[in-house]
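Working notes, beginning with the structure itself.
The first residue of the sequence shown is numbered 1, and numbering continues consecutively from there.
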Amino acid sequence: MAEDKAAREAGSQASRIEPGIATDFKDRMDYASYLGLDLLLAAQKPLSDAPDELLFITIHQVQELWLKLATHELDGAIAAIRNDELQPAFKSLARVSRIQAQLISAWDVLSTMTPADYLAFRDALGQSSGFQSYQYRALEFRLGAKDARMLAMHRHHEAHHAHLEALLAAPSLYDEALRLLARRGLPVPADCVERDWREPHVSNLAVRAAWLAVYRDTYTYFDLYELAEELVDVEDQFQQWRFRHMKTVERIIGFKPGTGGSSGVKFLRTALERSFFPELWELRSEL
């Protein structure tokens, strides 16, 4: 009787669905199978009984998904700039900025966790730390924050290590932007156009002068001017993400060392002083 009643109720509900809406997915792809939701939703596996560990895992997994999309878009932007196709690059960089807004807002959710909430499961993390995020490192390398020392913690994963090595040795987003300026006839030094890409770009007076020429004649160089401002948007959002990360960590653990062995907040603060595109910030004082 109960089964008959359930069947009738299901049929009644189906009859109220708008005509044409599919309801039979026995041999067809549905929403969950397309998105792999069974696998995705089974990936949150707390190691303790602490209720906030699920929050901690979920936030970091969501951030990893956004990082995956951000690196995909940056690859598209880099390729487009290399091919002198700036409109697709603008679209990709604008999307990266929107993704970063989502990454920033994730800290607002995590900051609802109190120090006591975190201490209830912190030991379960062992030495794992966001500092070890392969995707975050790949994002930084694409943006130009090159540091070969960061490869060490990925040696245990051959594919990740090889990919990071390749990114380290390739021109970054900013490197490609500077090469574009040179192709357009702006006086970018030769050692900024061809160099050891494994080293980070260092602020250069001649590069600043080239960008200044763009900003002082936006009519002639409007697409380069737009590119510069898209780059500034990306770095601005990235620095806001770094700041919210640092303040969230300070709010939850104070000045304790990080689980991965870093100095925690002290280390995160040093990142706030590092710029991906230094000349684009410096020139503003000279306009």
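Ion pairing between a basic and an acidic side chain is recognised when a charged N comes within 4.0 Å of a carboxylate O; Arg208 and Glu286 show such pairing. Salt-bridge formation is detected for the pair Arg244/Asp108: a Lys NZ or Arg NE/NH1/NH2 atom is positioned less than 4.0 Å from an Asp or Glu carboxylate oxygen. The pair Arg149-Asp147 counts as a salt bridge, with a side-chain nitrogen and a carboxylate oxygen less than 4.0 angstrom apart. A salt bridge does not link Glu140 with Lys146: every distance from a Lys NZ or Arg NE/NH1/NH2 to an Asp or Glu carboxylate oxygen is 4.0 Å or more. Using a 4.0 Å cut-off between a side-chain N of Lys or Arg and a carboxylate O of Asp or Glu, Glu235 and Arg242 do not qualify as a salt bridge.
The aromatic rings of His157 and His160 lie parallel to each other, with less than 30° between the two planes, well short of the 60° mark. A parallel orientation is assigned to the rings of Trp211 and Tyr174, their planes being inclined by less than 30° (bins at 30° and 60°). Note on ring orientation: taking the six-membered ring where Trp is involved, the planes of His245 and Trp107 are parallel (angle under 30°, cut-offs 30° and 60°).
The CE atom of Met153 sits 6.5 Å away from atom CD of Gln132, with the distance rounded to the nearest 0.5 Å. Atoms CG and OG, from Leu39 and Ser33 in turn, are 13.0 Å apart once rounded to the nearest 0.5 Å. Separation of atoms NE2 (His163) and CD (Gln135) is listed at 10.0 Å; rounding is to 0.5 Å. Remark: Leu164 CG to Arg155 CZ distance equals 12.5 Å, nearest 0.5 Å.
Within the structure, the salt bridge (Lys or Arg N to Asp or Glu O under 4.0 Å) test picks out no pair touching residues 31-53 (sequence neighbours left out).
Closest non-hydrogen pair, Arg137 versus Phe131, comes out as NH2-O, 3.0 Å. Minimum interatomic distance between Ser172 and Ile78 (heavy atoms only, all atoms of both residues): C-CD1, 4.4 Å. Shown here for Ser203 and Glu279, the closest heavy-atom pair between the two residues is CA-OE2, 3.3 Å. The two residues Ala206 and Pro189 come nearest to each other via the heavy atoms CB-CG, 3.4 Å. In terms of heavy atoms, Arg142 sits closest to Asp75 at NE-OD1, 2.7 Å. Shortest non-hydrogen contact noted between Pro115 and Ile252 is CB-O, 3.3 Å.
A cation-pi arrangement, defined by a distance under 6.0 Å to the six-membered ring centre and an angle within 45 degrees of its axis, is absent between Arg198 and Phe141.
Contact check for Phe90 versus Glu226: side-chain heavy atoms found under the 4.5 Å cut-off. In this structure the side chain of Gln102 never reaches within 4.5 angstrom of the side chain of Gln63, judged on heavy atoms. Proximity of His201 to Cys192: side-chain heavy atoms (C-beta onward) are separated by under 4.5 Å at one or more points. Contact of the Thr114 side chain with the Leu119 side chain is not registered, since no non-hydrogen atoms from C-beta on lie closer than 4.5 Å. Looking at Arg184 and Arg179, their side chains never come closer than 4.5 Å, going by heavy atoms from C-beta outward. With a 4.5 Å cut-off on side-chain heavy atoms, Asp217 and Val214 do not count as touching. For the pair Leu180/Leu227, a side-chain contact is recorded, criterion being any heavy-atom separation below 4.5 Å from C-beta on.
Residue His60 places its NE2 atom among more than 12 non-hydrogen atoms of other residues, nucleotides or ligands, all under 6.0 Å distant.
A distance below 6.0 Å separates the ring centres of Phe121 and Tyr118.
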Would you check, one step at a time, whether the test ring-ring contact (aromatic ring centres under 6.0 Å, His included) holds for Tyr34 with Tyr31? CA-CA 5 Å; Tyr34 174 71; Tyr31 176 80; 8.3 Å; no
